[in-house]
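Working notes, beginning with the structure itself.
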Amino acid sequence: MPELPEVEFVARQLRETLPGRRITAVETRWERSIQGMEPAEFAAEVSGRVVTQVGRRAKYLLLTLDDGRLLIIHRRMSGNLLLWAPDDPEPLYTRVVFTLDDGRRLAYTDPRKFGRVALAAPDALPAAFATLGPEPLEDAFTPAALATRLAGHAGAIKAVLLDQRVVAGLGNIYADEALFRAGIHPLRSAASLTAEEITRLHAGIQGALTTGIAHGGTTFGRHRDIYNEAGVNLEHVEVYRRTGQPCLRCGAPIERIVVAQRSTHFCPHCQPPHPASSNGGSQARRSKRAK
DNA sequence: CTATAAACCTGCTGGC
DNA sequence: TGCCAGCAGGTTTATA
């Protein structure tokens, strides 16, 4: 479930709460939620450590410990991190519990059990980290950088945007939103996009992500922040899960197709299938015959 | 390489 | 009301 905005929002909350706190105990309720070592070893290694920093890379949440190692959490489809006050009952679907030295606890909850918690040294990160693409909200991510990443990918742009090696952090919601903002059909070949389209896509990616973060992420099911509050970005999405509803720009009904096994939503008028001509985005009209 | 499917899991929703 | 098919924010692995 969580994509970059949902992970980033939670990282920001944890950053105000966790640094300086010591983890005094770790309990595992579902063994496979711990990756790479036995739960007992994990508990022994993590217990007693102080959290010094909170960070994020792609959809991974990174807690730096005072021995330099990283607690790496990936929520996958249904994971949440909930701050759990001493008097409250244990949250549903709790898989791992971190007890803090102020008496509060941080619960990793995950009904579907896809998410993973791991401990790793900075120079021995999980293999996936080595191939992650650029962070789309960092300065180095320019339209030219995006163009470089897309070059050579003949597949559908929607599928390419979901590839974490191309750009890190986009998932199904924000890929659809970014393509709508850019006026690009999800089945267009990534390699076929013009420089102008890539510039619009770059802006669409950043716009969709920052909007998502500003609204606490998109919740239509399970995403919650550390205080168990839902994000409200679902009220601000333009195409995701809006099948059959009128496009907010032109009124045409939003369509749903399947791309790379994922539900894909787009406006058939604002995101035309083939060429870049007759673009619904109202801008980009004249550059066609310039050459 | 690209592409598609299946696996990992459980819960929720909508249709009949 | 009850049951069942289908769907869900992600990633990895296996197969063409």
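- For residues 113-122 of chain A, proximity to DNA chain B is found at A:Lys113, A:Phe114, defined as any non-hydrogen atom under 4.0 angstrom from a strand atom.
- The cationic atom of A:Arg149 (NZ for Lys, CZ for Arg) does not lie both less than 6.0 Å from the six-membered ring centre of A:Phe141 and within 45° of the ring axis.
- Evaluation of the salt bridge (Lys or Arg N to Asp or Glu O under 4.0 Å) test over residues 82-100 of chain A, restricted to residues two or more places apart or in two chains, returns A:Arg29-A:Glu90.
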Under 3.5 Å, which donor-acceptor pairs do the side chains of residues 59-72 of chain A form with other protein atoms, sequence neighbours left out?
unit_1: A:Lys59; atom_1: NZ; unit_2: A:Leu170; atom_2: O; d: 3.0
unit_1: A:Asp66; atom_1: OD1; unit_2: A:Arg49; atom_2: NE; d: 2.5
unit_1: A:Asp66; atom_1: OD1; unit_2: A:Val50; atom_2: N; d: 3.3
unit_1: A:Asp66; atom_1: OD2; unit_2: A:Val50; atom_2: N; d: 3.3
unit_1: A:Asp67; atom_1: OD1; unit_2: A:Arg69; atom_2: N; d: 2.9
unit_1: A:Asp67; atom_1: OD2; unit_2: A:Arg69; atom_2: NE; d: 3.0
unit_1: A:Asp67; atom_1: OD2; unit_2: A:Arg69; atom_2: NH2; d: 3.1
unit_1: A:Arg69; atom_1: NH1; unit_2: A:Glu45; atom_2: OE1; d: 3.2
unit_1: A:Arg69; atom_1: NH2; unit_2: A:Glu45; atom_2: OE1; d: 2.7

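- In this structure, A:Arg76 atom CZ and C:dT13 atom C1' are separated by 12 Å, rounded to whole Å.
- The two residues A:Pro91 and A:Ala107 come nearest to each other via the heavy atoms CG-CB, 4.0 Å.
- Hydrophobic clustering of Ile, Leu, Val, Met, Phe, Trp and Tyr side chains at less than 4.5 Å, counting indirect connections, unites A:Val54 with A:Ile226.
- No path of Ile, Leu, Val, Met, Phe, Trp and Tyr side chains, each step under 4.5 Å between heavy atoms, connects A:Phe180 with A:Phe266, placing them in separate hydrophobic clusters.
- Within the structure, a side-chain polar atom (N or O) of A:Gln164 is placed less than 4.0 Å from OP1 or OP2 of C:dT11.
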Could you give the side-chain donor-acceptor pairs of residues 153-160 of chain A under 3.5 Å, partners two or more places apart or in another chain?
unit_1: A:Lys158; atom_1: NZ; unit_2: A:Asn172; atom_2: OD1; d: 2.7
unit_1: A:Lys158; atom_1: NZ; unit_2: A:Asp176; atom_2: OD1; d: 2.7
unit_1: A:Lys158; atom_1: NZ; unit_2: A:Ser263; atom_2: O; d: 3.3
unit_1: A:Lys158; atom_1: NZ; unit_2: A:Thr264; atom_2: OG1; d: 2.8

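- Protein atom CG of A:Leu61 is 16 Å distant from nucleotide atom P of C:dG10, rounded to whole Å.
- Chaining together hydrophobic side chains whose heavy atoms lie under 4.5 Å apart leaves A:Leu248 on its own.
- Side-chain atoms of A:Arg222 stay outside donor-acceptor range of the base of C:dA8, with no qualifying N/O pair under 3.5 Å.
- Here, C:dA14 and B:dC9 have their P atoms 16 Å apart, quoted to the whole Å.
- With rounding to whole Å, A:Phe220 atom CZ is found 14 Å from C:dC7 atom P.
- Rounded to whole Å, atom C1' of C:dT11 lies 15 Å from atom CD1 of A:Ile72.
- Between the C1' atom of C:dT11 and the CD1 atom of A:Ile73 lies a distance of 17 Å, rounded to the nearest Å.
- Following rounding to the nearest Å, A:Gln261 (CD) and C:dA8 (C1') show an atom-to-atom distance of 14 Å.
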Heteroatom pairs (N/O) under 3.5 angstrom, protein to nucleotides 14-16 of chain C:
none

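- One P atom belongs to C:dG6, the other to B:dA5, and the distance between them is 15 Å to the nearest Å.
- Atom NZ of A:Lys59 and atom C1' of C:dT11 are 8 Å apart (whole Å).
- Among the protein residues, A:Thr219 comes within range of the nucleic acid bases, having at least one heavy atom under 4.0 Å from a base atom.
- Cation-pi contact between A:Arg57 and A:Phe129: absent, since separation from the ring centre below 6.0 Å together with deviation from the ring axis within 45° is not met.
- Taking every nucleotide of DNA chain B with any atom under 4.0 Å from a non-hydrogen atom of chain A, the first and last of them, 5' to 3', are B:dT2 to B:dG11.
- The cluster map of Ile, Leu, Val, Met, Phe, Trp and Tyr, joined by side-chain heavy atoms under 4.5 Å apart, puts A:Ile173 and A:Val167 in the same cluster.
- Rounding to the nearest 0.5 Å gives a distance of 7.5 Å between CG of A:Asn233 and CD of A:Glu6.
- Of the residues in residues 144-161 of chain A, none has a non-hydrogen atom less than 4.0 angstrom from any atom of DNA chain C.
- Heavy atoms of A:Ala260 sit nowhere under 4.0 angstrom from any nucleic acid atom.
- Each of A:His265 and A:His74 lies near DNA chain C, and the nucleotide nearest A:His265 is the one positioned closer to the 5' end.
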- [ ] Begin from the C-alpha positions of A:Thr211 and A:Glu177 and carry the test side chain to side chain contact (heavy atoms under 4.5 Å, CB included) through to its verdict.
- [x] CA-CA 10 Å; A:Thr211 298; A:Glu177 293 299 307; over 6 Å; no

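- For A:Phe9 and A:His215, the gap between ring centers reaches or exceeds 6.0 Å.
- Between the side chains of A:His269 and A:Arg249, not a single donor N or O lies within less than 3.5 Å of an accepting N or O.
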Open item on the list: Once pairs are restricted to Watson-Crick or G-U wobble with both distances under 3.5 Å, how does DNA chain C read as a dot-bracket string, [ ] for crossings and | for other-strand pairs?
Closed with: .|||||||.|||||||

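- Its side chain within the 4.5 Å cluster rule, A:Leu92 clusters with A:Tyr93 among the Ile, Leu, Val, Met, Phe, Trp and Tyr residues.
- Taking only side-chain nitrogens and oxygens, A:Arg256 comes nearer than 4.0 Å to OP1 or OP2 of C:dA8.
- Partners of A:Glu238 according to the salt bridge (Lys or Arg N to Asp or Glu O under 4.0 Å) rule, which considers only residues two or more places apart in sequence or in another chain, are A:Arg181.
- Here A:Asp225 pairs with nothing under the salt bridge (Lys or Arg N to Asp or Glu O under 4.0 Å) rule; sequence neighbours left out.
- Summarising the geometry, the separation between CG on A:Leu4 and P on C:dT11 is reported as 11 Å, rounded to the nearest angstrom.
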